[in-house]
Student: 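Structure below; questions to follow.
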Amino acid sequence: MYDFRPDLALEPAERYRQLCDAADALTSGELDSVANMANIAALIWEFVPDLNWAGFYRTCSGNDGTKELVLGPFVGRPACIRIAFGKGVCGTAAQTGQTQLVEDVHAFPGHIACDAASRSELVVPVVRDGATIAVIDLDSPNPARFTSQDAEGMEALASLLAPRI
Ligand code: SME
């Protein structure tokens, strides 16, 4: 049995260090990327409070050969399946390779609403060999839920996962 118990009273930086340690332990030596993404989505759900969606979109080739994102393992309500690079918060993170921290999703041009409850969003690209291979998407029902500490913590997690998903 895995029993990772985050102390939600910890400072965010320490909580993200513990999340990365737990993610390292859970994925170390496991080559199946779906299993690793599924466990990490569940772990994020345990360690990061006030979320209504946490999970992965993976880069793949669309019917016309252009790059797009396809839904991966997640925790939350059913979500849109395919997102073109450059579209929405996830597609913007994938295309630019830059973290997107959105305090108010309604103010983000082209935001794709998968759950009407979402108010703020953090999307971190997972980059391997210079290419975005996936993004990690966190949604919150709280406005301006995410800070630069969340972004830094999730970027550290994305670096750890890049060779493992
Ligand atoms: N809001 C995202 C779409 C994915 S869902 O939030 C799970 C976007 O604008 O790309």
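Index from 1, following the sequence. Numbering of ligands and ligand atoms starts at 1, following listing order.
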Student: With side chains defined as the heavy atoms from C-beta onward, is the minimum distance between Glu155 and Val127 less than 4.5 Å?
Tutor: no
Student: Could you list the donor-acceptor pairs under 3.5 angstrom formed between side-chain atoms of residues 7-23 and any protein atom two or more places apart in sequence or on another chain?
Tutor:
residue, atom, partner, partner atom, Å
Asp7, OD1, Ala9, N, 2.9
Glu14, OE1, Arg17, NE, 3.0
Glu14, OE1, Arg17, NH2, 3.2
Glu14, OE2, Gln18, NE2, 3.2
Arg15, NH1, Phe47, O, 2.9
Tyr16, OH, Asp150, OD1, 2.7

Student: Excluding sequence neighbours, so at least two apart, what forms side chain to side chain donor-acceptor pair (under 3.5 Å) with Arg82?
Tutor: Glu68
Student: Are any of the side-chain heavy atoms of Glu121 and His111 separated by less than 4.5 Å?
Tutor: yes
Student: Taking side-chain contact (heavy atoms from CB on, under 4.5 Å) as the test, write out the residues that go with Tyr57, two or more places apart.
Tutor: Trp53, Leu69, Leu71, Ala79, Cys80, Ile83, Cys90, Cys114, Val135, Asp137
Student: When you look for protein heavy atoms under 4.0 Å from ligand 1, which residues do they belong to?
Tutor: Trp53, Tyr57, Ala79, Ile83, Gly88, Val89, Cys90, His111, Ile112, Cys114, Glu121, Asp137, Asp139
Student: Ion pair present between Asp139 and Arg77, side-chain N to carboxylate O less than 4.0 angstrom?
Tutor: no
